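To start, the structure itself, in structure tokens.
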Amino acid sequence: MNIFNRKRLKLSSQKTISLLFFPVLYPTLVCWLRWVRKYRIKDLKSVRKQFKQIKQNHPGGLLVCPNHLTYIDSIILIWAFATPWSYFSNYRTMCWNLPKASNVQESWLYRSICYLGKCLLIPDDLQQAQATMEDASYLLNTGQYVMVFPEGTRSHTGRINTENYVYGVGKLHADSPQSELLCVYLRGDKQQKASKMPKKSEQFSIQLKLVSISTELSGRRAMRDVATQMIDHLSRMETAYMDSQ
Amino acid sequence: MSEVFDKVKSIVSPYCKNQEALAAATDSTSFLDDLAVNSARLVDIVIDFEDEFDIEVSDEEADAIRTIGDAVKIINEKS
């Protein structure tokens with residue numbers, strides 16, 4: 001079996017197993033978010049309506065790029081983007097995520113949740129991380145939705161990290177067939193800087209913005225240029241959010 | 001040390017979190033482990049090498065650059 005087929009089999013197996021566990025895992029996580037942590041998403045209906053529209057306009061999959069402040073940003077966003085019925089009927093639209101392996105490797109429970117939650121873990125080793133990014137690129141090229149944090153890590157200042165972001169996400173977009181990607185700004189009212197978890201009873205604001213990003217550069221310069229444009233868009237969304245408060 | 005070695009050191013300097021290690025750097029000094037360069041910044045460093053020495057470094061060659069000596073070797077081969 002060649003590498004391409006192995007990759008396809010590995011990812012499609014994960015997707016199938018994840019779908020089988022979805023009816024148990026998703027409601028459990030949402031119950032935990034809503035009733036144990038008492039989180040609320042402002043204008044949830046509007047966020048879901050916007051995401052639905054975006055899905056309809058991008059049937060070929062999409063790269064989703066949010067800012068990053070807590071370990072559970074991707075879970076909150078998946079909850080916000082669509083209803084469980086919507087995901088169950090079109091599982092492709094539930095985003096794949098790329099968390100750092102080091103954040104979850106100590107706990108088999110977290111690793112299992114990650115696997116079942118369509119996560120591809122990014123190891124610290126550069127070559128292994130590159131292989132994971134290739135998997136993500138394959139997913140994007142086959143019509144899947146992939147969520148990646150362009151900052152690479154949680155922002156310790158609480159603001160978009162415009163200095164030390166990663167460029168790998170730029171390559172992901174440059175290699176994808178889509179010209180547009182979805183920038184997402186997520187922030188809890190009480191969130192001042194990075195933390196493992198948002199505070200209890202937190203209320204989240206979510207802004208979605210489809211942006212078209214292209215570059216005339218090639219290779220690693222294109223990668224850097226695209227990543228910089230993503231960060232610029234997120235930074236502008238953050239400024240708009242702060243101005244509105 | 002060679003002129004290329006010194007230029008490599010000055011290019012790496014803005015990205016280097018361990019300036020003491022940079023001051024005492026040898027060919028075997030690792031960018032990530034010894035100089036504490038953020039792995040994401042290696043891309044910037046390679047682009048700076050290309051601009052400074054007017055060379056092109058392929059992805060495979062860039063991936064193989066782990067130490068100052070690796071960088072000097074590739075630059076000398078291409079200049």
Side-chain angles (χ1 to χ4, degrees), chain A residues 3 65 68 98-103 121-134 136-137 148-157 160-175 194 215-231 234, chain B residues 4 7-8 10-22 25 27-79:
Chain A
I3 291 175
C65 298
H68 198 12
L98 282 80
K100 275 187 181 176
S102 56
N103 292 342
L121 301 180
I122 306 240
D124 288 334
D125 178 82
L126 277 181
Q127 280 183 333
Q128 288 177 19
Q130 222 163 27
T132 305
M133 293 306 279
E134 281 166 15
S137 182
V148 184
F149 297 102
E151 292 168 278
T153 186
R154 293 170 301 145
S155 168
H156 294 288
T157 61
I160 298 291
N161 186 345
T162 55
E163 298 294 324
N164 276 316
Y165 49 94
V166 295
Y167 301 152
V169 65
K171 180 169 169 49
L172 205 54
H173 179 66
D175 291 346
T215 180
E216 289 178 357
L217 301 172
S218 60
R220 63 182 68 86
R221 286 168 203 267
M223 200 165 116
R224 180 168 72 173
D225 185 31
V226 169
T228 304
Q229 290 184 54
M230 288 175 186
I231 292 291
L234 284 174
Chain B
V4 172
K7 271 191 182 174
V8 166
S10 70
I11 287 169
V12 173
S13 181
Y15 307 103
C16 172
K17 290 180 198 154
N18 187 345
Q19 290 292 331
E20 277 181 26
L22 184 64
D27 275 349
S28 61
T29 300
S30 157
F31 290 113
L32 300 181
D33 299 334
D34 300 324
L35 302 181
V37 170
N38 182 325
S39 58
R41 300 286 77 79
L42 282 177
V43 176
D44 293 304
I45 290 173
V46 173
I47 290 174
D48 288 352
F49 289 159
E50 290 181 326
D51 292 340
E52 177 66 31
F53 297 101
D54 196 20
I55 56 172
E56 271 189 37
V57 181
S58 69
D59 287 345
E60 291 73 24
E61 288 165 335
D63 289 346
I65 298 176
R66 302 287 163 96
T67 64
I68 293 190
D70 294 336
V72 170
K73 189 177 163 208
I74 284 180
I75 292 162
N76 281 332
E77 282 170 4
K78 290 181 171 281
S79 321

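FYI, side chains are in, hydrogens and waters are out, and symmetry mates aren't considered; it's all heavy atoms of this structure. This one's a predicted model, so the numbers in the text were calculated from it and none came from an experiment. Below, read A as the first sequence line, B as the second, and so on, with proteins coming before strands; counting in each chain starts at 1.
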_Using a 4.5 angstrom heavy-atom cutoff, name the option from B/Leu32, B/Val43, B/Ile47 with the most pairs to chain A._
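When all of B/Leu32, B/Val43, B/Ile47 are compared, B/Ile47 has the most.
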Taking atom [atom1] of [X] and atom [atom2] of [Y], what is their separation to the nearest 0.5 Å?
X	Y	atom1	atom2	answer
B/Leu35	B/Ile68	CG	CD1	5.0 Å
A/Leu172	A/Leu98	CG	CG	7.5 Å
A/Phe149	A/Ile122	CZ	CD1	11.0 Å
B/Ile65	B/Phe31	CD1	CZ	6.5 Å

*Find out whether A/Pro99 and A/Leu121 are in side-chain contact, i.e. whether some heavy atom of one side chain is under 4.5 Å from a heavy atom of the other.*
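They are in contact (side-chain heavy atoms under 4.5 Å apart), so the answer is yes.
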I'd like a table of the N/O donor-acceptor pairs between chain A and chain B - cut-off under 3.5 Å, distance only.
| unit_1 | atom_1 | unit_2 | atom_2 | d |
| --- | --- | --- | --- | --- |
| A/Asn164 | OD1 | B/Arg41 | NH1 | 3.2 |
| A/Tyr165 | O | B/Arg41 | NH1 | 3.4 |
| A/Tyr165 | O | B/Arg41 | NH2 | 2.7 |
| A/Tyr167 | OH | B/Arg41 | NH2 | 3.2 |
| A/Tyr167 | OH | B/Asp44 | OD1 | 2.8 |
| A/Tyr167 | OH | B/Asp44 | OD2 | 2.8 |
| A/Arg220 | NH1 | B/Glu50 | OE2 | 2.9 |
| A/Arg220 | NH1 | B/Val57 | O | 2.9 |
| A/Arg220 | NH2 | B/Val57 | O | 2.9 |
| A/Arg220 | NH2 | B/Ser58 | O | 3.3 |
| A/Arg220 | NH2 | B/Asp59 | OD1 | 3.4 |
| A/Arg221 | NH1 | B/Asp51 | OD1 | 3.2 |
| A/Arg221 | NH2 | B/Glu50 | OE1 | 3.1 |
| A/Arg221 | NH2 | B/Asp51 | OD1 | 2.8 |
| A/Arg224 | NH1 | B/Asp44 | OD1 | 2.8 |

*Looking only at heavy atoms, which two atoms of A/Leu234 and A/Pro150 are closest? And how far apart?*
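Minimum heavy-atom separation between A/Leu234 and A/Pro150: CD1-CG, 3.9 Å.
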